[in-house]
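Reviewing the structure listed below.
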Amino acid sequence: MATLASRGATASHDGDAGRTLNLTLQVWRQKNATSAGKMVTYEAKGISVDMSFLEMLDVVNERLIARGEEPIAFDHDCREGICGMCGMMINGIAHGPERATTACELYMRHFRDGETITIEPWRAKAFPVIKDLVVDRGAFDRIIQAGGYITAPTGGARDANAILVPKADADAAFDYAACISCGACVAMCPNASAMLFTAAKVAHLGHLPQGQPERDDRVLRMVEQMDVEGFGACTNIGECAAVCPKEIPMDVISYMNRDLLRATRRKDREAKTSNE
Amino acid sequence: MATTIAPPTVDVSRRALGGRDIVLDAKIPSGPIEQKWEKHQFEMKLVNPANKRKFTILIVGSGLAGASAAATLAELGYHVTCFCYQDSPRRAHSIAAQGGINAAKNYRNDGDSVYRLFYDTVKGGDFRSREANVYRLAQISVNIIDQCVAQGVPFAREYGGLLDNRSFGGAQVSRTFYARGQTGQQLLLGAYSALSRQIGLGNVDMYPRHEMLDLVVVDGAARGLIARDLVTGEITPYVADAVVLASGGYGNVYYLSTNAKGCNVTADWRAYKRGALFANPCYTQIHPTCIPVTGDHQSKLTLMSESLRNDGRVWVPAKAGDTRAPHQIPERERDYFLERKYPSFGNLVPRDVASRNAKEVCDEGRGVGPGGRGVYLDFADAIKRLGKRVIEERYGNLFDMYHKITGENSYESPMRIYPAIHYTMGGLWVDYNLMSTIPGLFVAGEANFSDHGANRLGASALMQGLADGYFILPYTIGDYLANAKLPKAETTHPAFAESEAEVHARVKRLLGIKGERTVDSFHRELGHIMWDYCGMARTDAGLRHALAQIPQLREEFWQNVNVMGENTELNQSLEKAGRVADFLELGELICTDALNRTESCGGHFREESQTADGEALRDDEHFSHVSAWEYTGVANTPALHKEPLEFEYVHPSQRSYV
């Protein structure tokens, strides 16, 4: 993973603490799931470069309320890039211009004075808009419910060190388990495919010895649910991995396809054997 | 200098305040501490497997405690309904815990044991927790790690494939299990996956984007709740045989905290107003390693895992007013104040000690960064000793996070940190079975008060949340249901109608004020009062000042707040308004408790009560008890009930980290 150290970032603070920006925002406003939405333009003046993108929206909202207008609804919670609740298209890019960064971790120092910023919700058939920038990502939960787990009811576990996991496998499993379920991958994909999300879970559990007994079933059920939800197919474009705030690599998709192929063939074989 | 302490000032007879006659029976099983839980497990009644599905249990919150309880109770066969305000149960704020989870596995062969974890936790809590609860927590810690590994939690491993450990704030053994800097995320996703499996199987009804707005008490027992669908505004009653609150802590009463923006006290508070006692509200934890505030726009504070203190050295300039850049300050003109004052623990002193010392040096004018409210956390020596690669491996994600927020590179210049509100040890009072003073109302995780005393040690919160949810509630709720002989409850009962009507009226009132000020402006002002007068150091005069200000602010809120929009759709202003209204009442209770407890202990530091070295000075004679407050009306002083604390195994001593 590209970290600060390996990217060789510079030590200096930009030296611009306290600097402010005057911005124009074009924001998607939509009253509710059934009404039509439209882009609305707002001026955002005197925005400190030390604000996060969401703090900038807070300031705009405070001003809207003062004018008697309804604030812009947007999802957010932890504001430190881990809960996965926030997410919006910023200038056409999921979570905005910075790599490996959620909207809440995006700071205004990355924008220019006088810039016009467009802000839109995730757009995908499987993520219907609820209001303004808020969408329904319940489909992701249902994909996990279909099989994104290891069956391990409380109480029956053996000693943790009885299961040896090679460090490389544990590290890989962690990398894939880092997904925060924000939906940026779907929002950025021209097909609105959920392959990166689903495959990250398949690869996480597939890399661990504990995940082997259910490996076939898991991939079959999760992919089936993914299709039911109306996500598109993967055509290897790679936008998903490019915007993923947790840098889940595209490799997981081929990993899942391999698992899916193997599981499907095994199932077909079993069906044939039982028919004979 | 040690000051003499006046006896408690607000300790009045409960009769005078119209309080009920409540005996706080912790129901601690008899026998040696090592055997209490096992004995109790055997003595508790079981519910016949065929009958379990007839019982409905409502769980509020889907963090470590809530999700693990929901999954486990559903696995046992109960009918479970779970609520969370986020759009998915996986987003609960447990997810943000970075550092790790303690367990007395002694995999390092460095002298750890259940008894030592118990001992450290009681001492770390400054002798204000219940011994029996803490011992059970230490015992169960071992099973938690096993359970999480079985679920596929990708803990850090060594090359041989065994689990790795590290030592963590305040501990002299390596008992902390971790998953890079995202342990909370991985543990929560483990619990979430178990919960998801039960949702998929139809054993749990999950209601995301729902908020509990009242508890329903029928004939003295918790029998349901009223929840609002945050998308449609619909207000619906839910009936149950038992209710579990696993709704987290109340740190957001300070406005700026490391909590998620949505974290709130509403579920706990409505239960308090329905008769549950609120214990030790003044025990709040201030975390030493957070990124300093940059301006008025600040919406939250970000924690940097205190595992950083394992390799980072904390310092400030030796002289006040030194504005040179850190690398221009020579070694001899730096003050590594934690290493100087606490030679044996150094940078690893407990959180409360580290925080107070940071405040002290900043008060002396030696703070660094904009506004002078910060101290350096410097990795230069560790990088020299171990190499940049090792540091990157250990803390890479934290350094990246710091860079994103500040634009600074900590591999080359020290981080700046300052304390922030992080965790609340207080919460609803519960007995050994985690049941509140309302029968059938159980409280788990940060929402209860039980295990951390006056100060929580690092890597203990995850342990407690999962212990409560996976291994304690599934037993104790069963025992309650087997014994309770509850009549059938229906939403047609007047108690449901009454609660529902109150919720409707409150929503209507909030929307009808249409005043001049935003909800956030009230919240921010409350936060300033709390931080200034009930933060890291508290005084009699300061607390009295806060107690005069908060009711005024609350009054203004109900006259002059402007909540836009309607009830019948997603309305984030309305959600916030309801939560802030509750914080405006809670803040007063916290200050009342802090004023009443004239001693210092753990995270509660009364300036009047300190040792010659400036350490927290307890007053065991007057305050070796849990302060549990009973609601007697918004305008009235709450009634104080005390649960005495007895220490049979770990004898109270002055905490010393020198």
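Letters go in sequence order (proteins before strands), and every chain restarts at 1.
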message = Taking side chain as everything from C-beta outward and backbone as N, CA, C, O, which of these in Lys514(B) sits under 4.5 Å from a heavy atom of chain A? Side chain, backbone, both or neither.
response = neither
task = Give, for atom CG of Leu195(B) and atom OH of Tyr149(A), the distance between the pair rounded to the nearest 0.5 Å.
result = 12.0 Å
key: Proximal component of Arg517(B), with respect to chain A [non-hydrogen, under 4.5 Å]   = neither
remark   = What one should report as the nearest heavy-atom pair of Ile163(A) and Arg157(B) is O-NH1, 3.1 Å
query = Picking from Asp136(A), Leu205(A), Thr151(A), which has the most non-hydrogen pairs under 4.5 angstrom with chain B?
reply = Thr151(A)
Heavy-atom pair with the smallest gap, counting every atom of Pro154(B) and His204(A) = CD-NE2, 3.9 Å
inquiry  = Would you say CD of Glu393(B) has more than 12 non-hydrogen atoms from neighbouring residues, nucleotides or ligands within 6.0 angstrom?
reply    = no
query = Ignoring hydrogens and geometry, is there a side-chain-to-backbone donor-acceptor pair from Glu75(B) to Thr154(A) under 3.5 Å?
reply = yes
query = Could you go step by step and tell me if Glu158(B) and Lys167(A) meet the side-chain contact (heavy atoms from CB on, under 4.5 Å) rule?
reply = CA-CA 6 Å; Glu158(B) 297 183 321; Lys167(A) 187 173 188 306; over 6 Å; no
key: Glu55(A) versus Ser299(B), side-chain donor and acceptor atoms under 3.5 Å   = yes
ask   = Of the listed residues (Ile82(A), Asn32(A), Asp77(A)), which shares the most heavy-atom pairs with chain B below a 4.5 Å separation?
value = Asp77(A)
inquiry  = So, taking the atom named CG in Leu301(B) and the one named CZ in Arg79(A), what distance separates them when rounded to the nearest 0.5 Å?
reply    = 12.0 Å
query = Does Asn161(A) use its side chain to pair, donor to acceptor, with the backbone of Leu163(B) at less than 3.5 Å?
reply = yes
query = Would one find more than 12 heavy atoms of other residues, nucleotides or ligands at under 6.0 Å from atom CD of Glu516(B)?
reply = no
request  = Among Lys131(A), Met85(A), Gln210(A), single out the residue with the greatest number of heavy-atom pairs under 4.5 Å to chain B.
outcome  = Met85(A)
ask   = Ignoring hydrogens and geometry, is there a side-chain-to-backbone donor-acceptor pair from Lys300(B) to Cys78(A) under 3.5 Å?
value = yes
task = Would you mind telling me which of Tyr470(B), Tyr107(B), Tyr159(B), Phe471(B) has the largest number of heavy-atom pairs within less than 4.5 Å of chain A?
result = Tyr107(B)
Among the listed options Met206(B), Gln198(B), Gln186(B), the residue most often paired with chain A at heavy-atom distances under 4.5 Å = Gln186(B)
ask   = Which one, Leu162(B), Thr72(B), Thr294(B), Val153(B), leads in non-hydrogen pairs under 4.5 Å with chain A?
value = Leu162(B)
task = Pick one of side chain, backbone, both or neither for His297(B), based on which atoms fall under 4.5 Å of a heavy atom in chain A.
result = both
request  = Check whether Glu575(B) gets within reach of chain A through its side chain, its backbone, both or neither, counting any heavy atom under 4.5 Å.
outcome  = neither
remark   = The interface call for Phe174(A) against chain B, heavy-atom contacts under 4.5 Å, is both
For Ala160(A) against Val149(B), the heavy-atom pair lying closest together = CB-CG2, 3.8 Å
key: Side chain Glu80(A), main chain Met401(B), donor-acceptor under 3.5 Å   = no
remark   = Turns out that what part of Ile143(A) lies under 4.5 Å from chain B's heavy atoms comes down to neither
request  = Identify the heavy atoms of Ala177(A) and Leu189(B) that sit nearest to each other, and give their distance.
outcome  = O-CD1, 3.7 Å
key: Proximal component of Asp87(B), with respect to chain A [non-hydrogen, under 4.5 Å]   = both
inquiry  = Keeping Arg109(A) on the side-chain end and Ile405(B) on the backbone end, is there a donor-acceptor pair under 3.5 Å?
reply    = yes
query = Lys404(B) and Glu98(A): side-chain contact (heavy atoms from CB on, under 4.5 Å), yes or no, with the steps?
reply = CA-CA 9 Å; Lys404(B) 276 180 191 161; Glu98(A) 284 294 291; over 6 Å; no
note = Applying a strict 4.5 Å limit to non-hydrogen atoms, the region of Thr101(A) in contact with chain B is both
key: Contacting moiety of Gln145(A), where chain B heavy atoms sit under 4.5 Å   = both
task = Examine whether an atom of Pro71(A) lies under 4.5 Å from a heavy atom of chain B, and if so say whether it belongs to the side chain, the backbone or both; otherwise answer neither.
result = side chain
message = Heavy-atom pairs under 4.5 Å with chain B - which of Val134(A), Leu64(A), Asp58(A) has more of them than the others?
response = Val134(A)
remark   = If one checks every heavy atom of Gln572(B) against chain A at 4.5 Å, the contacting part turns out to be side chain
message = Applying side-chain contact (heavy atoms from CB on, under 4.5 Å) to Ser88(B) and Arg137(A), what does each step give before you reach the verdict?
response = CA-CA 8 Å; Ser88(B) 161; Arg137(A) 286 168 292 198; over 6 Å; no
request  = Could you have a look at Ile130(A), Val59(A), Asp159(A), Leu208(A) and say which one has the most heavy-atom pairs with chain B under 4.5 angstrom?
outcome  = Asp159(A)
Under 4.5 Å from any heavy atom of chain A - which part of Phe177(B) = neither
query = Would you say Arg389(B) has more than 12 foreign heavy atoms packed within less than 6.0 Å of its CZ?
reply = no
query = For Ile144(A) and Tyr192(B), what are the C-alpha separation, side-chain angles and deciding distance, and is it a side-chain contact (heavy atoms from CB on, under 4.5 Å)?
reply = CA-CA 9 Å; Ile144(A) 299 294; Tyr192(B) 163 77; 3.7 Å; yes
ask   = Would a distance-only check, ignoring hydrogens and angles, find a side-chain to backbone donor-acceptor pair under 3.5 Å from Glu70(A) to Met564(B)?
value = no
ask   = Among Gly200(B), Ser521(B), Ala150(B), which residue forms the greatest number of heavy-atom pairs with chain A at distances under 4.5 Å?
value = Ala150(B)
ask   = Where on Ile65(A) is there a heavy atom nearer than 4.5 Å to chain B: the side chain, the backbone, both, or neither?
value = both
ask   = What heavy-atom pair brings Asp141(A) and Pro89(B) nearest, and what distance separates the two atoms?
value = OD2-CD, 4.0 Å
Top contributor to chain B interface from Asn61(A), Ile150(A), Asp132(A), Val165(A) [non-hydrogen pairs under 4.5 Å] = Val165(A)
inquiry  = How close do Ile180(A) and Gln185(B) get, counting heavy atoms only, and between which atoms?
reply    = CG2-NE2, 3.7 Å
query = Got a salt bridge between Glu569(B) and Lys31(A), using NZ or NE/NH1/NH2 to carboxylate O under 4.0 Å?
reply = yes
Rounded distance [0.5 Å steps], CD in Gln86(B) versus SG in Cys83(A) = 7.5 Å
Side-chain ion pair, Arg91(B) and Asp75(A), N-O less than 4.0 Å = no
